[in-house]
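The block underneath contains the structure these notes are about, expressed in C-alpha cells.
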Number of protein chains: 2
Amino acid sequence: MANLKSLAEHLGLSQATVSRALNNYSTVNQATRTRVLEAAQKLNYRPNSSARRLATGRADAIGIVLPHHDDLLVDPHFADFLAAFTKKLATYDNDVVLTAADNPQTYQRFAQIGKVDGFVISAPKAHDERIAVLSKLNFPFIVHGRCETDLPYGFYDIDNEGAFYDATKLLLELGHTRIGLLNGAADLMFAKQRLDGYTRAHKEFGLKTTPQLIHHDHMTEEYGYRHAQALLELDDRPTAFLCSSTLVTVGAQRRIREMGLEIGKDISIITHDDGLSSLKTENFSVALTVTRAPIRDAGTEIAKMVIDLIRGTPIDQLQKVVPVDLIVRTSTSAPKRSRS
Amino acid sequence: MANLKSLAEHLGLSQATVSRALNNYSTVNQATRTRVLEAAQKLNYRPNSSARRLATGRADAIGIVLPHHDDLLVDPHFADFLAAFTKKLATYDNDVVLTAADNPQTYQRFAQIGKVDGFVISAPKAHDERIAVLSKLNFPFIVHGRCETDLPYGFYDIDNEGAFYDATKLLLELGHTRIGLLNGAADLMFAKQRLDGYTRAHKEFGLKTTPQLIHHDHMTEEYGYRHAQALLELDDRPTAFLCSSTLVTVGAQRRIREMGLEIGKDISIITHDDGLSSLKTENFSVALTVTRAPIRDAGTEIAKMVIDLIRGTPIDQLQKVVPVDLIVRTSTSAPKRSRS
DNA sequence: ACAATTGTTGAAAGCGCTTTCAATGATTGT
DNA sequence: ACAATCATTGAAAGCGCTTTCAACAATTGT
C-alpha cells in the first residue's frame with residue numbers, strides 16, 4: 001500500500017512537496033502538482049486517515065449518539081433524518097460516527113479523544129444535560145430542536161408551537177371544542193412546544209384545555225391506537241384529534257375504524273407530517289390535513305450548520321426556526337352535532 | 001487537556017509504563033498500575049483516538065454505507081437494524097461510521113485509509129459489486145443477506161426461501177390457488193429467495209406461478225397500496241396476499257378496505273414481519289399471520305460476527321442462516337368460493 | 001556463590017501525515 | 001550589477017500514542 005513516503009521517493013520529491021500538492025497549496029508549481037496528482041492516481045495513493053487526523057487535529061466526522069430507550073424503541077423519523085444528514089455531510093468530506101450509550105460521559109469522552117469534531121443533539125429535553133456538558137467542554141454542537149437554557153447554542157428547529165397553534169385554531173374555527181391531543185413523550189421539548197401552541201389557541205378562543213384530552217407518549221402505531229381508544233371512550237369524547245406523527249395517526253385510525261367512525265366526518269384529524277419517505281400522508285384513505293415539515297430538510301440543514309460552526313461561524317448565526325405549513329385536506333370538517 | 005506525556009511526568013514514570021498500565025499489560029507492577037489508574041482518573045486523562053489509531057493500526061470502528069436510492073427513500077427497517085447493531089458494537093468499544101455515496105470506490109477508499117476495520121453490507125444483490133471489491137482488497141466484511149458468488153464471505157441471513165415456502169404452502173393447503181406476491185425490489189437477493197420459496201411451494205402442489213400475481217418494488221406503504229390495487233383489479237384476482245413487509249401490508253390493507261373487502265375472510269394475508277419497533281403486527285385490526293424474524297437480532301448478531309471476523313475467526317465459521325417462524329393468526333383462512 | 005530467570009521499567013523508534021522554517025535559484029527593481 | 005523579492009522546494013519537528021528492545025534489580029536454582 002502506497003504511503004506518502006514511497007510516493008515521494010517514487011517522484012524524487014520531498015514528502016512536504018507531495019503533501020502540499022495533494023492538499024492544494026498554492027505554493028507548489030503547477031507542473032509539479034500535475035505530476036504528483038498523476039502519480040498518486042497511478043499508485044492509488046490515499047492519505048492515511050489516522051495520520052492525517054493526528055497531524056491536523058481534525059477528525060472530519062460528526063458524532064450522533066443513538067437516541068435509544070431501554071426497550072430499544074427506534075424512532076422511524078430518525079432514519080430519514082440520518083439519511084439526509086449523512087448525505088449532506090458527505091459533500092463536506094465528513095462522515096457520521098454513531099454510538100450508543102446515551103449519557104453525558106459518552107459525549108465528554110468522544111469530545112475529548114478527538115473522534116469527532118462536533119455533535120448533533122436530537123430530541124432535546126427542556127433542561128438537557130447534554131447541552132450543559134458540551135457547552136462546558138466548549139465543544140461544537142448543533143441541537144435539533146430547542147431547549148430551555150441560558151447557555152448559547154446553535155439549533156435548527158421547526159415552529160412546533162406555531163404549527164400546533166395553527167392546527168388547533170383551524171379545528172376551533174370549524175367548531176370543535178373538544179380536541180384530543182396525541183402528543184409525543186412529555187419530557188421532550190417539541191412535545192412541550194406543541195402543547196403550548198394547542199393551549200394558546202384554546203386561550204384565544206376563551207377555552208380551557210382539558211387534561212383528559214391530552215396524551216403524551218412515544219410515537220408509535222401502538223400508542224396511537226391505545227390513546228385514541230382512551231379518548232374515544234370518554235363520556236364527552238373529542239370530535240377531533242391532533243396527532244404528533246403519521247405513525248400515531250395510523251394507530252388512531254385503526255381504533256377509529258374499529259369503532260365504526262369515519263375520519264373527516266365523525267372525527268377530524270390533523271397530524272404532524274415529517275414527510276417520512278416510507279409513509280406518506282397523501283396516501284391515507286382519507287387525505288390527511290397536516291402540519292408539514294420534512295425531517296430530511298432538518299438533516300440537510302443541520303449538516304451544513306454543524307460544519308459552519310466548526311469552521312468558525314458564530315453561534316448566533318446558527319439559530320434557525322423554520323415555519324411549518326398547514327395543509328388542509330379532507331380529514332378535517334366541522335363537528336357533527338353532539339350525540340343525543 | 002492531559003496527554004500521556006504530562007500524565008507520565010506527573011507520575012514520575014515513563015510514557016511506556018503508563019501506557020502499559022492503562023492498557024492492562026500484565027508486566028506492570030500492581031501498585032504502579034493502581035497509581036496510574038488513579039492519576040488518570042483524577043486528571044481525567046483519555047488517550048487520543050487518532051494517535052492510538054495511528055500507533056495500533058486499528059480504527060475500532062465499523063463502516064456502514066447508507067443504502068440510499070436516488071430519491072433518498074429510506075428503508076424503515078434500517079433504523080431498527082442500526083440501533084441494535086450500534087448498541088452491540090458499543091460493548092466491544094467500537095463505533096459505527098456512516099457514510100453516503102454508495103459506490104464501490106467508497107468502500108475501497110474507506111478500507112484503504114483506515115477509517116474503519118470492517119464493513120457491513122446490507123441488501124445485497126445477486127452479484128454484488130461491493131463483495132467483489134472488498135474481497136479483492138482482502139478487507140473484512142459481513143453481509144447481511146447472501147448472494148451468488150464463488151468468493152468466500154461471512155454472512156448472516158434469515159431463511160427467506162424457507163419462510164416464503166412455508167407461508168405459500170400454508171395458503172395452498174388452505175385451498176388458495178391464486179396468491180399475490182408483494183415482493184421487495186427485484187434485484188435484491190432476499191426478494192429473489194422469497195420468490196424461490198413461493199415458486200417451490202407452487203411446484204410441490206403441481207401449480208404454475210402466474211407472472212401477473214408477482215410484484216416487485218420498494219417496500220413502502222404507497223407501493224403496497226398500488227400493487228394491491230393492481231392485483232385486486234385482475235379478472236381472476238388472488239384470494240391471498242403474501243407481503244414482504246409490514247409497511248407494504250399497511251398499504252395493501254388500505255386498498256383492501258377501500259374495496260370493502262375483509263382481511264381474513266375475503267382475502268387472506270401473510271406478511272413478513274421484521275419486528276419493527278414502531279409498527280407491530282400484533283396490533284393490526286386483524287391479527288396478522290406472519291413469517292417473523294426480528295431485524296434487530298440481525299443487527300446484534302452481525303455486530304458480534306464482524307468483530308469476530310476482525311479478530312481472526314475464519315470466514316467459514318461466520319456464515320449463519322437463521323430459521324424463520326411462521327406465526328398463524330387470524331388474517332389467513334380458506335378462500336371463499338370463487339365469485340360468480 | 002554464581003548463573004539463570006523473573007519482574008519491572010525506560011529509551012527510543014516508529015505509525016504516516018502536516019506544517020514551520022530555512023534554503024535555493026530565478027526574477028525583479030533601480 | 002547588486003540587493004531585494006518571489007516562487008518553489010526540502011529538512012525536520014511534531015501530532016500522541018504503542019511497542020520493541022535493552023536495562024536493571026530482585027529472585028531463583030544449583
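Just so it is clear, the model here is predicted, and its values are computed rather than measured. Throughout, a chain's letter reflects where its sequence line sits, starting with A, and its residues are numbered from 1.
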Nearest whole angstrom, please: distance from the [atom2] of [N] to the [atom1] of [X].
| X | N | atom1 | atom2 | answer |
| --- | --- | --- | --- | --- |
| B/Gln15 | D/dG16 | CD | C1' | 8 Å |
| B/Asn29 | D/dC24 | CG | C1' | 15 Å |
| A/Leu4 | C/dC15 | CG | P | 13 Å |
| B/Leu22 | C/dT9 | CG | C1' | 16 Å |
| A/Ile113 | D/dG16 | CD1 | P | 14 Å |
| B/Asp60 | D/dC17 | CG | P | 15 Å |
| A/Asn23 | C/dG16 | CG | C1' | 13 Å |
| B/Arg52 | D/dC17 | CZ | C1' | 9 Å |

Just N and O in the side chain of [X]: are any of them under 4.0 Å from OP1 or OP2 of [N]?
| X | N | value |
| --- | --- | --- |
| A/Thr17 | D/dG10 | yes |
| A/Tyr25 | D/dA7 | no |
| A/Asn3 | C/dC17 | no |
| B/Asn48 | D/dC15 | no |
| A/Thr56 | C/dT18 | no |
| B/Ser19 | D/dT18 | yes |

* Do the two ring centres, one from A/Phe141 and one from A/Phe139, sit under 6.0 Å apart? -> no
* Below 6.0 angstrom between ring centroids: does that apply to B/Phe81 and B/His144? -> yes
So what does [X] hit on the nucleic acid, given a heavy-atom distance under 4.0 Å: a base, only sugar-phosphate, or nothing?
| X | answer |
| --- | --- |
| A/Thr32 | sugar-phosphate |
| B/Gly114 | nothing |
| A/Arg20 | base |

* Structure fact -> Checking C/dC15, C/dT9, D/dT19 against the side chain of B/Ala16 (C-beta onward), the nearest is D/dT19
* Asked: Starting at the 5' end of DNA chain D and moving along, which residue's nearest nucleotide shows up first, A/Gly12 or B/Ala55?
  -> A/Gly12
* To do: Any chance you could measure A/Asn103, atom CG, to A/Thr106, atom OG1, to the nearest 0.5 Å?
  => 3.5 Å
* Asked: For residues A/Asn3 and A/Arg46, is any side-chain donor paired with an opposing acceptor at under 3.5 Å?
  -> no
* **Lys/Arg N to Asp/Glu carboxylate O, A/Lys115 vs B/Asp95, below 4.0 Å** => yes
